[in-house]
Amino acid sequence: MALAGNTPCCPKPRGGVHRLLLVAAHDVASVDSDPADGSFSLLRLKAGASPVGFFPCEDGAWLEETATVHDGVVSVRHTLEVAFDAGPGSQAVLDSLARIAPRGVVALVQNPEGGTLLVGYSHKFANARPLKASRWERTGGSKPTDKPLCKITLVSDDTLASRPYTGPLPD
C-alpha cells in the first residue's frame, strides 16, 4: 500500500564523473556567462590550445567542494580526484597532465546525465585560482587481479562554488 503524498527522500543517485576535459588555465581566452543564473555558457580557448580529455574508470572520479566560514569570510576548496586505466595510452595522458596541471587547469566535469560544471574558474577570480595538481600516482595493485591505475588529485581554493556550464564542449 502506497502512502498518499509520500515523496521518496532519497531519489536514485545521479552523482559521479562521466567525462573530464582539462584545459591549461593560461589557455582560456574568455568565458561567457548567463547573468540570470550565473552559469557559464561558452568557454573560448586561445588559438592552438586544446583540452586533455578522458573518461575516468567507473566510479573512479569524484568532485568535492567544501565551504568553510572564518570570521564571516567564505572559502571554498574544490578537490577533483581522478583514476584512469594505466594501460596503453595512459602515458600520453600523464605527460599532458604533467605539462599543464602544476601551473593550473580549468576543468569541465560532466556527470552521467550530461550536466557539466566548470571547476577552477569563477566569476570573481576568472582563471587566477585554477585547479593545481597536489598529487599523482601510478599503482600496480598488490594482487594479480588488481587493475593498474593512474590517479591524480587537483585542488583549488576560491570563494564560490563551481557553476554549471551549459555550452558546447571544446574540441
Side-chain angles (χ1 to χ4, degrees), residues 5-84 93 96-97 100-135 151-171:
N6 183 33
T7 304
C9 64
C10 301
K12 183 178 177 184
R14 294 185 294 269
V17 174
H18 171 68
R19 181 178 180 205
L20 269 179
L21 290 173
L22 303 177
V23 177
H26 64 269
D27 284 338
V28 174
S30 64
V31 179
D32 292 348
S33 63
D34 183 340
D37 65 4
S39 65
F40 294 109
S41 55
L42 184 60
L43 173 65
R44 288 185 195 84
L45 304 182
K46 293 179 180 175
S50 61
V52 175
F54 54 94
F55 295 91
C57 295
E58 183 177 359
D59 298 330
W62 57 270
L63 171 66
E64 178 179 77
E65 294 183 320
T66 306
T68 58
V69 180
H70 183 69
D71 291 334
V73 178
V74 176
S75 178
V76 180
R77 170 151 284 197
H78 310 269
T79 304
L80 177 61
E81 184 171 284
V82 185
F84 55 96
V93 173
S96 296
L97 292 173
I100 65 174
R103 294 182 5 197
V105 297
V106 171
L108 290 164
V109 180
Q110 189 177 53
N111 70 30
E113 291 188 335
T116 304
L117 288 174
L118 185 60
V119 186
Y121 188 97
S122 70
H123 291 288
K124 184 172 182 177
F125 296 107
N127 60 350
R129 304 290 302 168
L131 292 161
K132 291 187 178 179
S134 68
R135 175 186 173 138
K151 294 180 186 178
I152 184 167
T153 302
L154 303 163
V155 177
S156 75
D157 293 306
D158 199 329
T159 58
L160 300 170
S162 298
R163 306 298 301 168
Y165 177 79
T166 60
L169 299 177
D171 297 326

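Throughout, numbering of the chain's residues begins at 1 and tracks the sequence. Quantities reported herein were computed from a predicted structural model and do not represent experimental measurements.
Nearest approach of Val76 to Ala67, heavy atoms of both residues: CG2-CB, 4.1 Å. Between Pro168 and Ser41 the shortest heavy-atom distance is CD-O, 4.1 Å. Residues His18 and Pro56 approach most closely at O-CD, 3.5 Å, considering heavy atoms. Shortest non-hydrogen contact noted between Ser162 and Leu118 is CB-O, 3.5 Å. Across every non-hydrogen atom of Arg163 and Asp37, the tightest pair is NH2-O, 2.6 Å. The two residues Val106 and Gly120 come nearest to each other via the heavy atoms CG2-O, 3.7 Å.
For the pair Pro51 and Leu169, the minimum side-chain heavy-atom distance is 4.5 Å or more. Between Val119 and Leu154, every side-chain heavy-atom pair lies at or beyond the 4.5 Å cut-off. Residues Leu108 and Pro170 are in side-chain contact: their nearest non-hydrogen atoms beyond the backbone lie under 4.5 Å apart. Between Asp34 and Thr166, the closest side-chain pair of non-hydrogen atoms is not below 4.5 Å. With contacts defined as side-chain heavy-atom distances shorter than 4.5 Å, the pair Val82/Val17 does not qualify.
Between Thr159 atom OG1 and Phe125 atom CZ the span is 4.5 Å, to the nearest 0.5 Å. Taking CG of Leu131 as the start and CG of Leu63 as the end, the distance is 8.0 Å to the nearest 0.5 Å. To the nearest 0.5 Å, atom CG of residue Leu80 and atom CG of residue Leu20 are 5.5 Å apart.
No donor-acceptor distance shorter than 3.5 angstrom exists from the side chain of Arg77 to the backbone of Thr66, with no hydrogens or angles considered. Counting only distance, with no hydrogens or angles, the side chain of His78 and the backbone of Pro130 share no donor-acceptor pair below 3.5 Å.
The environment of CD in Glu58 is sparse: at most 12 heavy-atom neighbours from other residues, nucleotides or ligands sit within 6.0 Å.
Sorted by first then second residue, the side-chain hydrogen bond (donor to acceptor under 3.5 Å, both in side chains) pairs that include residues 118-128, not counting sequence neighbours, are Ser122-Asp158.
With sequence neighbours left out, Asp59 forms a side chain to side chain contact (heavy atoms under 4.5 Å, CB included) with no residue at all. By the side chain to side chain contact (heavy atoms under 4.5 Å, CB included) test, Glu81 is found to be paired with Trp62, Thr153, residues two or more places apart in sequence or in another chain being considered. Taking Ser50 as the reference, nothing meets the side chain to side chain contact (heavy atoms under 4.5 Å, CB included) condition, with sequence neighbours excluded. Not a single side chain to side chain donor-acceptor pair (under 3.5 Å) links Ser33 to another residue, sequence neighbours left out.
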Name each donor-acceptor pair under 3.5 Å that joins a side chain in residues 24-32 to protein atoms two or more places apart or in another chain, with its distance.
residue : atom : partner : partner atom : Å
His26   : ND1  : Arg103  : NH2          : 2.9
His26   : NE2  : Arg103  : NH2          : 3.0
Ser30   : OG   : Arg44   : NH1          : 3.1
Asp32   : OD1  : Arg44   : NH1          : 2.9
Asp32   : OD2  : Arg44   : NH1          : 3.2
Asp32   : OD2  : Arg44   : NH2          : 2.8

